[in-house]
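Because the structure is a prediction, the values reported are computed rather than measured.
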Amino acid sequence: MLLVSLLALACPANSMPQNTALVPSSTALVLASEGTKETPAPPIQNHHLFLMLGALGLQLLIIGLVLFGIARWRRLQQESRRLSRMLGKVLDAADAFAIIATDAGGLITHFNRGAELMLGYKADELVGLATPLVLFLEREVQVRAKALGDELGIEAQGFRALVELAERQGCDSREWTLMRKDGRTLPVSLVFTTMRDPDGLVTGYLGVAQDITEQSLAASVFANSYEGIMITDADNLIVDVNPAFSRITGYKVEEVRGKKPSLLSSGRQGEDFYQAMWQSLVDTGAWRGEIWNRRKSGEVYAEILAISVVRDATGRIQHHIGVFSDISQQKAQENELAHIANYDTLTGLPNRRLLNELLGRSLAQADRKGQGLAICFIDLDGFKPINDQYGHQTGDMLLVEVAKRLQKTVRQMDVVARLGGDEFVLLLTELDELDDLESLRHSLDRLLAAVSAPFTIEGVPMQVSASIGVSLYPQDKAAPEILLRRADQAMYRAKQSGKNQYQLFDLERDRQLSHYQSWLNRLETALTGGELCLYYQPKINLINGQVEGAEALLRWQHPSEGLKSPGEFLSHLLGTKLELRLGRWVLATALAQLAAWHRAGLSLSLSVNISAAQLLQPDFAEELAALLDSYPDVSPSALELELVETAALTDLGQAARTLTHCHQLGIHTALDDFGTGYASLTYLRRLPVDRLKVDQSFVQDMLEDPNDLSIVENIIQMAKAFNRDVIAEGVENQSQARALLQLGCSRIQGFGVARPMSAERFWPWLHRWQQRPRWLAPKLPPYHHQLPLLTAITAHRLWVDGILAQVAGKEPEPLELSSNHCPLGLWYHTAGMARYGHLDSFLALEALHDSSHEAAKALLGADETSRAAKTKALLAARDAVINQLALVIKGESPKVRRSQNG
């Protein structure tokens, strides 16, 4: 029909004969005329035929082109489907990523294998059935929609909030939280892209998600770590720091990025320190240690720093990572404890504990240099009358001035220490000509003159003198504590000889003293004659009330003088062979008693005191092991060795080796009398002891003196810090027991539980206790969360009572009138300020406390007519202090009332 139409157009109607039809044939085109004969075609008709044939060829060409286009289209469709299948396989192979495709309306059209693994859905659960909104947290989508509205003025809700920016920009990348099928959430980094046809119309969207759980966790750790973190590049330039770094150092990240960590340097570490640090990083890839750095404010602080090197696969350095903690407060506490442990609070001079260390060092130095050392023990003559007449405050001021004069008189290399009261010790070092004592005698004369020169204290002239005893090394090669004791003995001879003079200890003459030798002979007779015995004091656990063991305590049942405690005779044995014999006897007797208890079914432990001389014997551990072998019923773990006289441990290395050997045997060890100045932090750090024993001198007054309470608390905390057990001795009542339990010490012994008793009396006592234990935690007085403040109240009340007793003539010794030196004042300015100094209510206490001391002074100076009023004023001042302490307990600050005048 198309051909006919074309021919019709090509041939005008008037050019064709009537009754002529154009008939198509399979072989040719024939002109047929009904009722006429064929005649030759004229020329015009041949032209028409040519046109018709051209039209026919054109039609065939068009048909061919159409057929070719259809075939081409079919091949393209097949190729598209092949490529689509191939792309699907590629997308499914990328299982490390979740790849999700949607149509333009948001309906999911593809959900790859990675998406199935990451989100827990199967593809057929979502493809063609849901939009990606089922995978998103609704609140995050709402937040995103609001952000689009606020920032760009775009209103997009639901699925449009996910793809709006991708459609506008072609791509949008951000972090989202997706919801897995099992309900768990998953942080991802998600990139949306827009798919368009050739005309630019949106045909769908493609989302590619990557699990960033590990990156999120690392970022969270980096951002929220309490420790400061600093990252530098291979050139040691700062790349990034975390918020804790800024908090500790004061520097913001933009202030340090691109700079070297040396901007924090305090200058306290030298070049050698940093060279060793970098050498460690090169050799091991890490370094850890303490370092002093400087904050942005200029404040120097201490930190624990750990540095690690990060390398790539080829071993090349990529980064350095430094992690550090601010230990300034810990350092301050350590320094405070060290100062309290080592220095006299009144004069600032080394105390007995530090003196023992300095004496040991001085003796070692004297040996190395071949020089001499003089140990001078000084006691003031006439100090007590001044102290009694003018009071402790004046006496303290005089002691401070004496200390200053002693320091000015000796050389810088010498040592001046205060033992307590009016006793001082000097170590005169580097003495080269001890055979000619002339130079030493000149030094001693200068000391006598300096002390005896008049003093003026608060306008009052006063005068004292000194008695000095001297022991000399190396003429006397005794142990340090013996040298000190012999200087003390020489000092007493100086006093007996008329005071204000010095006496040198005569070793040979002293050894020949008949009294001393006869005393040693008498002690040996007591040891061999059965006059010595052991008494046993129980140790209990306040948690369960059980008796866990006992301490063996030496006693001398003297035939004529009765029962003697060790303090009355043991000091004479120091440095003698009899001391070691007695120590072996005590251990053997204690083990025999322990074996008897175990055979009777009593699971008790027993602690035995050992001296420094015993511990330093090279074969001590071997002898003890042999002794234990002779008592097979006794488990070594039931024996505990208590170290006494720790100041005499001149060889810490030997002591540590012996204690380690004892530990290997299963024996436990304890450090006795801890806190008295004899027990050293050095011993605690270097000796392998299991337990600390709080000395009874602190326990007995801990509820009446907040300073003693603070010491007890610090010892308990120190035991915990060093992972040691702790026991308190000298407990006399249940209030003390409750306080110790509250502070973290559950094991106690003391007269409140039971006095030391013989083995015969121990059995009946133990039976009665087991039937009805009296000291169980529920039966003790109640806890109080502010025990130091309660003790401070008690201390101040007792001080005021003492003032009133002094006014009434019932107090034999004057009380401390200085508000800085009374028990409450000492505690307020030290441990109290450290714990409560951040409270306004506590700071307000100082003025009230000062007022109470002024009221006390006024009362002591009042005549009979005004005494009642002054007494009332003191009681009112006392109540004001107590009430203020009660406010601190409640955690409230006093309200400041404004006057009506504003």
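To the nearest 0.5 Å, atom CG of residue L570 and atom NZ of residue K564 are 12.0 Å apart. L504 contributes atom CG, which lies 14.5 Å from atom CZ of R486 (distance to the nearest 0.5 angstrom). The distance from atom CG of L428 to atom CG of L373, rounded to the nearest 0.5 Å, is 7.5 Å. To the nearest 0.5 Å, atom CG of residue L398 and atom CD of residue E458 are 11.5 Å apart.
Classification of E357 and R361 as a salt-bridged pair holds, one side-chain N sitting under 4.0 Å from a carboxylate O. A salt bridge links K404 and E401; the closest N-O separation between the charged side-chain nitrogens and carboxylate oxygens is under 4.0 Å.
Neither side chain, T660 nor R657, offers a donor N or O lying under 3.5 Å from an acceptor on the other. Between Q365 and E430, the side chains place a donor N or O and an acceptor N or O closer than 3.5 Å (distance only, hydrogens not considered). In summary, the side chains of S818 and N820 do not present any donor paired with an acceptor at a separation below 3.5 Å, with no hydrogens or angles considered. Between the side chains of D379 and S467, not a single donor N or O lies within less than 3.5 Å of an accepting N or O. Between the side chains of E299 and Y301, no donor-acceptor pair of N or O atoms lies under 3.5 Å.
The environment of Y492 atom OH is sparse: at most 12 non-hydrogen atoms of other residues, nucleotides or ligands sit within 6.0 angstrom. Counting heavy-atom neighbours within 6.0 Å of Q275 CD, excluding the residue itself, gives a total above 12. Around the CG atom of N723, the shell of radius 6.0 Å holds no more than 12 heavy atoms that belong to other residues, nucleotides or ligands. Surrounding CZ of R288 are at most 12 heavy atoms belonging to other residues, nucleotides or ligands under 6.0 Å away. In this structure, Y343 places its OH atom where only 12 or fewer heavy-atom neighbours from other residues, nucleotides or ligands lie under 6.0 Å away.
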Begin from the C-alpha positions of L440 and L472 and carry the test side chain to side chain contact (heavy atoms under 4.5 Å, CB included) through to its verdict. CA-CA 10 Å; L440 175 61; L472 301 175; 3.6 Å; yes
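A 4.5 Å side-chain heavy-atom check between L641 and F620 finds at least one atom pair inside the cut-off. You'll find the side chain of L483 stays beyond 4.5 Å of the side chain of F505, heavy atoms only. Side-chain contact check for L580 versus Q614: some heavy-atom pair is nearer than 4.5 Å.
The salt bridge (Lys or Arg N to Asp or Glu O under 4.0 Å) test with R691 singles out one residue from E729, E640, E551, and that residue is E640.
Under the salt bridge (Lys or Arg N to Asp or Glu O under 4.0 Å) criterion, R522 pairs with E531, not counting sequence neighbours.
Cation-pi contact between R724 and F674: absent, since separation from the ring centre below 6.0 Å together with deviation from the ring axis within 45° is not met. Cation-pi geometry between K477 and Y473 is met: the NZ or CZ atom falls under 6.0 Å from the ring centre, inside 45° of the normal.
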Donor-acceptor contacts, no H, no angles, side chain residues 412-419, under 3.5 Å, sequence neighbours left out:
unit_1, atom_1, unit_2, atom_2, d
D414, OD1, R411, NH2, 2.9
D414, OD1, T429, N, 3.0
D414, OD1, T429, OG1, 3.4
D414, OD2, R411, N, 3.1
D414, OD2, R411, NE, 3.0
R418, NE, G421, O, 3.1
R418, NH1, D344, OD1, 3.0
R418, NH1, D344, OD2, 3.0
R418, NH2, G421, O, 3.0

